[in-house]
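Reading through the structure tokens given below for one structure.
Letters A, B, ... mirror the listed sequences (proteins, then strands); counts begin at 1.
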Amino acid sequence: MNIEQHIVAATITAVKDLYQQEIQENQISLQDTRVEFEGQITIVVFPIVRFSKKSPEVTAKELGAYLVEHVADVTGFNVVKGFLNLSIADPYWLSLLNNTLLDKDFGTFKPNGQKVMVEYSSPNTNKPLHLGHVRNNLLGYSVAELLKANGYEVFKVNLVNDRGIHICKSMLAWQKFGNGETPESSGLKGDHLVGKYYVIFDKEYKKEIEALKLAGQTEEEAKKNSPLIKQAQQMLLEWEQGNAEVLDLWKKMNGWVYAGFDITYKNLGVDFDKYYYESNTYLLGKDTVEEGLNKGVFFKKPDGSVWIDLTEDGLDQKLVLRADGTSVYITQDLGTAEMKYDDFKMDQSIYVVGNEQDYHFKVLFLILEKMGKTWAKGLHHLSYGMVDLPSGKMKSREGTVVDADDLIAEMVETARQKTEALGKTNDFSDEEKERLYYDIGMGALKYFLLKVEPKKRLLFDPSESIDFQGNTGPFIQYTHARIKSLLSKAEYAEYSKATEVKDLSATELEMIMLLSKYPSELASAAKGYTPATLSNYLYEVAKMFNKFYHEVPPIVKEEDASLKQHRLNLSFITANILKSGMKLLGITVPERM
RNA sequence: GCCUUGGUAGCUCAGUUGGAUAGAGCAACGGUUUUCUAAACCGUGGGUCAGGGGUUCGAAUCCCUUCCAGGGUACCA
């Protein structure tokens, strides 16, 4: 039992002894004591007043006296309005540091036997990745790692959208205007080359629409009648019929894209346990529709189209199969969900997809539940906000996107400039330097994106570079490197208890309290599927260490061996938390920088 | 129209099951290096928590309402 649990238990018996009343555990509210008051743990007494039938101040005083008498580590108290501030003796915190924080298993969780799938990235193979995809990838990766750290068995899955009319657009444009251009001949990364033709298609398509409009057609007619769009549709049809020429082109161009994606994924540091391809799954779901019809979950309209009526759930009627028997988006998602479950039998399945699809997933999950799929309750849409530019939305077709590869290169370059300006890497080898600039640049980028709550939209201004100071990745990386340097200068070999230490400074005490929260931070980050809370926690830890480091005399020169060991122990656990926590964000912390 | 998510300092963001005087960073201004890495530390200024109403001992947080912004809205994904 930790001190909080002792206090809660003692408060329950106190209410019994003092007021002859039964209070429930969840009615007792504990919080950290604000720094301006004495004490470490505060009981909010307002909820207890209805049991004591006395004023908040009197209740607090009686309870405080009771706790000092009955709980060993509570050594004093003071009352400010309705708040009972408890002082906990230093030996308790020292023992917490020596026995809990420095335990080898601190901050780790045992396997919990649960399986969870995280589907993320899920790119289209007609264009390169942009900043929006970067947010998706980092979020998915980090959430997967967080779940792993919490004891789940995790499967990372990438469902690649490799077919459809948009893919045919790139293919058609390349065929017509490409003159056989290849990544080799152009020097372009494969995904960028394909993306170039996607943009060309759109440009030519718009030209045709304009021409048709001049010839008297409406916008709508022109969009339908443009020869290019008709050819693209024809190509899609041929693809579905297995036309060898079309399939060859499709394979060739997708191959270019995958080679490009591999590089971007590697730079982002993300990985997958399994890839699914829509070219293999797009026909799935028709059996599910049949099953739903038999179960009476769906109904057929006179034209033959199949629907579900969700009006009783506050939603609309939703089409699940076209009258001609072909699939819509949700048809294949129904089938794919089933297939994924058959493959992995997971307890939870998380879809990392932007908030523009909130409605789609609400419907998808509801349908599966109505069909009686027991696993449907484990499905979760991790919805995140769009990344906007000051000018508004990013649009691939119009070229107003922040390209992922460009951004990564810029971040690394900025890291190089800033680091060299500080002159700290003069004794680094070239290889070490490159590695460091990459780690710092990516640290800045990843932290920038992950520290914001997923569901909030995110504003990125390309004209302002991402910070390297303050609440940033590099600040935390720097703090880690600083500790590592300290430990090595002090020839800190390994942890041993510093039993002679009797007193703690205010900052040391605060540090111990903060560090002890690491496991619960990991748990709540995983529970809420949000790396943002962990990010902000790690920032607090780094900030606290820098304060400690600054106000304490040089530890390396400390003559009191036990005090020195104690301070190094504190530094050591701080570095461990920063390193392992940042790793869950996908960020590498350098040993020196 | 309807559904949904947001709105907190000049900017970017925190803010726990409702708890004490709403916090950080950036930007601005001032200070700190004969002391273990100054990507750091300390300080100053900066707020109608979008507006209004309600519930409560207590509301940025819960409820109602208005405004603003994003997203969705029956055969795109």
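Checking A:P554 against A:V80, the closest nucleotide of RNA chain B that is more toward the 5' end is the one next to A:V80. Checking A:D388 against A:N536, the closest nucleotide of RNA chain B that is more toward the 5' end is the one next to A:N536.
In this structure, A:F298 atom CZ and B:C75 atom P are separated by 17 Å, rounded to whole Å. The CD-C1' distance, from A:Q357 to B:U5, rounds to 15 Å in whole Å. As a whole-Å value, the separation of A:L459 CG from B:G25 P is 21 Å. At whole-Å resolution of the value, CG in A:N355 and C1' in B:A77 are 15 Å apart. When rounded to the nearest whole Å, the span between CZ of A:R34 and C1' of B:G19 equals 10 Å. Remark: C1' of B:A39 and CG of A:L436 are 11 Å apart, rounded to the nearest angstrom. At whole-Å resolution of the value, CG in A:D467 and P in B:G25 are 12 Å apart. Whole-Å rounding puts the A:K527 NZ to B:U17 C1' distance at 10 Å.
Using the Watson-Crick or G-U wobble rule with both distances under 3.5 Å, B:C62 pairs with B:G54. Base pairing of B:C76: no nucleotide in any strand meets the Watson-Crick or G-U wobble criterion (both distances under 3.5 Å). Partner assigned to B:A69 is B:U5, using Watson-Crick or G-U wobble distances below 3.5 angstrom. Base pairing analysis places B:G43 opposite B:C29; the two distances defining the Watson-Crick or G-U wobble pair are each below 3.5 Å. Nucleotide B:U12 is matched to B:A24 when pairs are restricted to Watson-Crick or G-U wobble geometry with both distances under 3.5 angstrom. Across all strands shown, nothing is found opposite B:C49 as a Watson-Crick or G-U wobble partner with both distances under 3.5 Å.
Ring geometry, A:F460 versus A:F448: the interplanar angle exceeds 60°, so the pair is classed perpendicular (tilted spans 30 to 60°).
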For residues 315-322 of chain A, please give each side-chain donor-acceptor pair under 3.5 Å, one per line with the distance, not counting sequence neighbours.
{"unit_1": "A:D316", "atom_1": "OD2", "unit_2": "A:Y359", "atom_2": "OH", "d": "2.9"}
{"unit_1": "A:R322", "atom_1": "NH1", "unit_2": "A:T326", "atom_2": "OG1", "d": "3.1"}
{"unit_1": "A:R322", "atom_1": "NH1", "unit_2": "A:S327", "atom_2": "O", "d": "2.8"}

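Sorted by residue number, the members of residues 411-427 of chain A with any non-hydrogen atom under 4.0 Å from RNA chain B read A:T419, A:L422, A:K424. Across residues 478-490 of chain A, A:Y478, A:A481, A:R482, A:S485, A:L486, A:K489 each have a non-hydrogen atom less than 4.0 Å from an atom of RNA chain B (numbered order).
By the criterion of a centre-to-centre distance under 5.5 Å and near-parallel planes under 30°, the ring of A:Y539 forms no stack with the base of B:A24. Taking the 5.5 Å centre cut-off and the 30° plane limit, the aromatic side chain of A:F37 is classed as stacked on B:A20. Once the 5.5 Å centre distance and the 30° plane angle are applied, the aromatic ring of A:F475 is found not to be stacked with the base of B:A39. Where stacking is scored as ring centres under 5.5 Å apart with planes under 30°, A:Y359 does not register as stacked on the base of B:U4.
Side-chain contact between A:E413 and A:Y437 is absent, with no heavy-atom pair separated by less than 4.5 Å. Taking the side chain as every heavy atom from C-beta outward, A:L585 and A:K446 never approach each other to under 4.5 Å.
Counting distance only, with no hydrogens placed and no angle test, the side-chain atoms of A:N85 and the base atoms of B:A20 include a donor-acceptor pair under 3.5 Å. In terms of polar N and O atoms assigned as donor or acceptor, the side chain of A:T42 comes within less than 3.5 Å of the base of B:A20 in a complementary pairing.
At the phosphate of B:A39, neither OP1 nor OP2 sits under 4.0 Å from any side-chain N or O atom of A:R592. Checking the phosphate oxygens (OP1, OP2) of B:G7, a side-chain nitrogen or oxygen of A:K456 falls inside 4.0 Å. Remark: A:R457 is not in phosphate contact with B:G70, judged by side-chain N or O atoms under 4.0 Å from OP1 or OP2. OP1 or OP2 of B:G6 has at least one side-chain nitrogen or oxygen of A:K455 nearer than 4.0 Å. Between A:K81 and B:U21, a side-chain N or O to OP1/OP2 separation shorter than 4.0 Å is present.
Using atom P as the reference point in both B:C42 and B:G19, the two lie 27 Å apart (nearest Å).
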Test salt bridge (Lys or Arg N to Asp or Glu O under 4.0 Å) applied to A:E432 and A:R435, step by step: CA-CA 5 Å; A:E432 278 177 308; A:R435 180 77 215 172; over 6 Å; no
Check against side chain to side chain donor-acceptor pair (under 3.5 Å), A:N126 and A:S170: CA-CA 6 Å; A:N126 63 338; A:S170 298; 4.8 Å; no
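Summarising the local packing, NZ of A:K61 is surrounded by 12 or fewer heavy atoms from other residues, nucleotides or ligands at distances under 6.0 Å. Environment of CD in A:E36: crowded, with over 12 heavy atoms of neighbouring residues, nucleotides or ligands closer than 6.0 Å.
Ionic pairing of A:K564 and A:E559 is not present here: no N-O contact between side-chain nitrogen and carboxylate oxygen is shorter than 4.0 angstrom.
Cation-pi geometry between A:R135 and A:Y384 is not met: the NZ or CZ atom fails to fall both under 6.0 Å from the ring centre and inside 45° of the normal.
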